[in-house]
Amino acid sequence: MKLVVAGAGGRMGGALIRAIAERDDIVLHAAIERSGSPAIGEDSGERAGIGRNEIAITDDVEGALSSADGLLDFTTPEASLAFARTLAELGRVHVIGTTGFDETHEKALAVAAERAVIVKSGNMSLGVNLLAAMVRRAASALPESFDIEVLEMHHKHKVDAPSGTALLLGEAAAEGRKIVLSENAVRSRDGHTGPRPEGAIGFATLRGGSVVGDHSVILAGAGERITLSHHAEDRAIFARGAVAAALWGHGRQPGLYSMADVLGLND
Ligand SMILES: NC(=O)C1=CN([C@@H]2O[C@H](COP(=O)(O)OP(=O)(O)OC[C@H]3O[C@@H](n4cnc5c(N)ncnc54)[C@H](OP(=O)(O)O)[C@@H]3O)[C@@H](O)[C@H]2O)C=CC1
Ligand SMILES: O=C(O)C1=N[C@H](C(=O)O)C[C@H](O)C1
């Protein structure tokens with residue numbers, strides 16, 4: 001399978017290029033960056049720290065995608081949306097790890113998925129997707145008197161909050177409770193907030209240093225508390241998940257799929 005990496009000069013771009021180089025059933029076909037990026041023209045292997053691979057980082061999106069099988073995309077919501085429209089025209093696999101989408105973006109991605117395979121997840125790791133299944137189960141099994149809070153910490157460069165993973169875990173909790181997350185989410189607190197609303201799913205965001213990604217879901221009852229946690233130590237876990245998603249999506253019917261589909265956690 002011939003894969004293109006978008007955001008090749010970024011943190012996940014490097015991890016994806018390293019993950020592709022680990023395997024012999026896929027090849028890095030092209031590495032793309034935003035027009036005007038100082039990374040354009042650099043050797044993508046050198047940039048990723050694995051030595052020259054003779055694939056220069058380019059901003060020629062059409063040229064890169066037209067002869068590829070799929071795109072691994074960890075960039076920005078606006079860039080991912082533009083890629084989704086191009087890939088829908090070409091009918092290629094689009095693995096989206098980007099987070100921070102709003103409702104309008106989500107609707108546009110659903111339209112693109114009518115013509116291409118999109119695998120999208122706020123977290124591509126096995127551990128977090130298993131954790132989400134456990135959160136859904138715990139939220140469903142425990143009485144509503146157990147308050148649900150999602151706590152996350154990431155490195156100081158992260159630009160969106162709550163993280164895509166925190167929202168994914170919040171969705172899992174809401175599904176377990178049979179409630180709609182958007183109607184019950186408390187995404188931040190400040191000042192005289194009043195008591196906690198019944199049935200709320202709260203979010204708390206920490207940022208600092210080089211933390212790859214820490215998430216905890218706390219189910220707090222009267223006199224006892226359950227904490228379900230995941231700690232990401234290496235971006236390779238997301239990159240390997242994205243590669244697995246591309247291979248899984250190759251040759252599949254168009255649609256919007258999740259990592260739970262790829263990992264068989266919905267079966
Ligand atoms: N789902 C998951 O498992 C994971 C998701 N993520 C998400 O992935 C995204 C990227 O994270 P991270 O790698 O840390 O961020 P970085 O900022 O390090 O990388 C993003 C890269 O995308 C580039 N970019 C921006 N616009 C375009 C464009 N139009 N075409 C091509 N490249 C573009 C940026 O370039 P420039 O800086 O020059 O603008 C940058 O190099 C975030 O949304 C993050 O939350 C991260 C880890 C795991
Ligand atoms: O920006 C990051 O770094 C990460 N983003 C994803 C998120 O928003 O949850 C996944 C991971 O936690 C790292």
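Keep in mind that the numbers below use all heavy atoms, side chains included, and drop hydrogens, waters and symmetry copies. Both ligands and their constituent atoms are indexed starting at 1 by order of listing.
Under a 3.5 Å cut-off, the side chain of R18 and the backbone N or O of A48 do form a donor-acceptor pair. Side chain of H250 to main chain of L247: no donor-acceptor pair is present (N/O by atom type, distance under 3.5 Å, no hydrogens or angles). With hydrogens and angles ignored, the 3.5 Å screen pairs a side-chain donor or acceptor of R92 with a backbone N or O of L90. Judged purely by atom type and a 3.5 angstrom limit, R196 uses its side chain to pair as donor or acceptor with the backbone of A200. Remark: side-chain polar atoms of T99 are not paired, donor with acceptor, to backbone N or O of G122 under 3.5 angstrom. Checking side-chain atoms of R235 against main-chain N and O of A15 turns up no donor-acceptor pair under 3.5 Å.
In terms of protein heavy-atom proximity, atom 9 (C) of ligand 1 is closest to T75 O, 3.5 Å. Summary of contacts: the protein heavy atom closest to atom 10 (C) of ligand 1 is F74 O, 3.5 Å. Counting only heavy atoms of the protein, atom 44 (C) of ligand 1 lies nearest to T99 OG1, 3.7 Å. For atom 24 (N) of ligand 1, the nearest non-hydrogen atom of the protein is E33 OE1, 3.8 Å. Ranking the protein heavy atoms by distance from atom 22 (O) of ligand 1 puts G7 CA, 3.4 Å first.
Here the shortest heavy-atom distance to atom 25 (C) of ligand 1, taken over I96, T76, V212, belongs to T76. When the heavy atoms of H155, R11, H154, K158 are ranked by distance to atom 3 (O) of ligand 2, first place goes to H155. In this comparison of S35, A79, G36, the heavy atom closest to atom 28 (C) of ligand 1 sits on A79. Within the set R235, M124, M12, R34, the minimum heavy-atom distance to atom 31 (C) of ligand 1 is found for R34. Between S163, G122, G164, G213, it is G122 that holds the heavy atom closest to atom 10 (C) of ligand 2.
Using a 4.0 Å threshold on non-hydrogen atoms, atom 3 (O) of ligand 1 counts as touching the protein.
Checked for salt-bridge contact, E22 and R240 meet the test: a charged N lies under 4.0 Å from a carboxylate O. Under a 4.0 Å N-O distance rule, the pair R52/E42 does not qualify as a salt bridge. A salt bridge links K120 with E106: the closest approach of a Lys/Arg side-chain nitrogen to an acidic carboxylate oxygen falls below 4.0 angstrom. Using a 4.0 Å cut-off between charged side-chain N and carboxylate O, R207 and E152 make a salt bridge. Using a 4.0 Å cut-off between charged nitrogen and carboxylate oxygen, E78 and R34 do not count as a salt-bridge pair.
Polar contact check, R11 against ligand 1: a nitrogen or oxygen pair lies under 3.5 Å apart. Considering backbone and side-chain N/O of S125, none are found under 3.5 Å from N/O of ligand 1. Taking any N or O of G13, backbone or side chain, none lies under 3.5 Å from an N or O belonging to ligand 1.
Residue contact check for ligand 1: K158 places a non-hydrogen atom closer than 4.0 Å to it. Under a 4.0 Å heavy-atom criterion, G122 is in contact with ligand 1. By the 4.0 Å heavy-atom criterion, S121 is counted among the residues contacting ligand 1. Ligand 1 is never approached by G164 to a heavy-atom distance shorter than 4.0 Å. For L167, the closest heavy-atom approach to ligand 2 does not fall below 4.0 Å.
With hydrogens and angles left out, the side-chain atoms of N53 and S44 include a donor and acceptor closer than 3.5 Å.
Within the 4.0 Å heavy-atom criterion, the part of V212 lying near ligand 2 is the backbone and not the side chain. Neither the backbone nor the side chain of F101 comes within 4.0 Å of ligand 1, counting heavy atoms alone.
Close approach to G97 involves these atoms of ligand 1, each under 4.0 Å from a residue heavy atom: 1 (N), 2 (C), 4 (C), 5 (C), 6 (N), 7 (C), 8 (O). Using a 4.0 Å cut-off to heavy atoms of H215, the atoms of ligand 2 that qualify are 12 (O). Residue F83 approaches ligand 1 through these ligand atoms, each under 4.0 Å from one of its heavy atoms: 30 (N), 31 (C). The ligand atoms of ligand 2 that sit less than 4.0 angstrom from a heavy atom of T165 are 7 (C), 9 (O), 10 (C), 12 (O). The contact set between ligand 1 and G10, taken as ligand atoms under 4.0 Å from a residue heavy atom, comprises 18 (O), 19 (O), 41 (O). For ligand 1 and G9, the ligand atoms under 4.0 Å from any heavy atom of the residue are 41 (O).
Each of N129, N123, L126, V128 was checked for a side-chain contact (heavy atoms from CB on, under 4.5 Å) with M259, and the lone residue meeting it is N129.
Between H155 and H157, the ring planes lie tilted relative to each other; the angle falls in the 30° to 60° range.
Within the structure, ring pair (Phe, Tyr, Trp, His ring centres under 6.0 Å) pairs that include any residue of residues 210-234 comprise H154-H215 (at least two apart or interchain).
Residues near V27 contribute nothing to a hydrophobic cluster around it, because no ILVMFWY side-chain heavy atom sits closer than 4.5 Å to its side chain.
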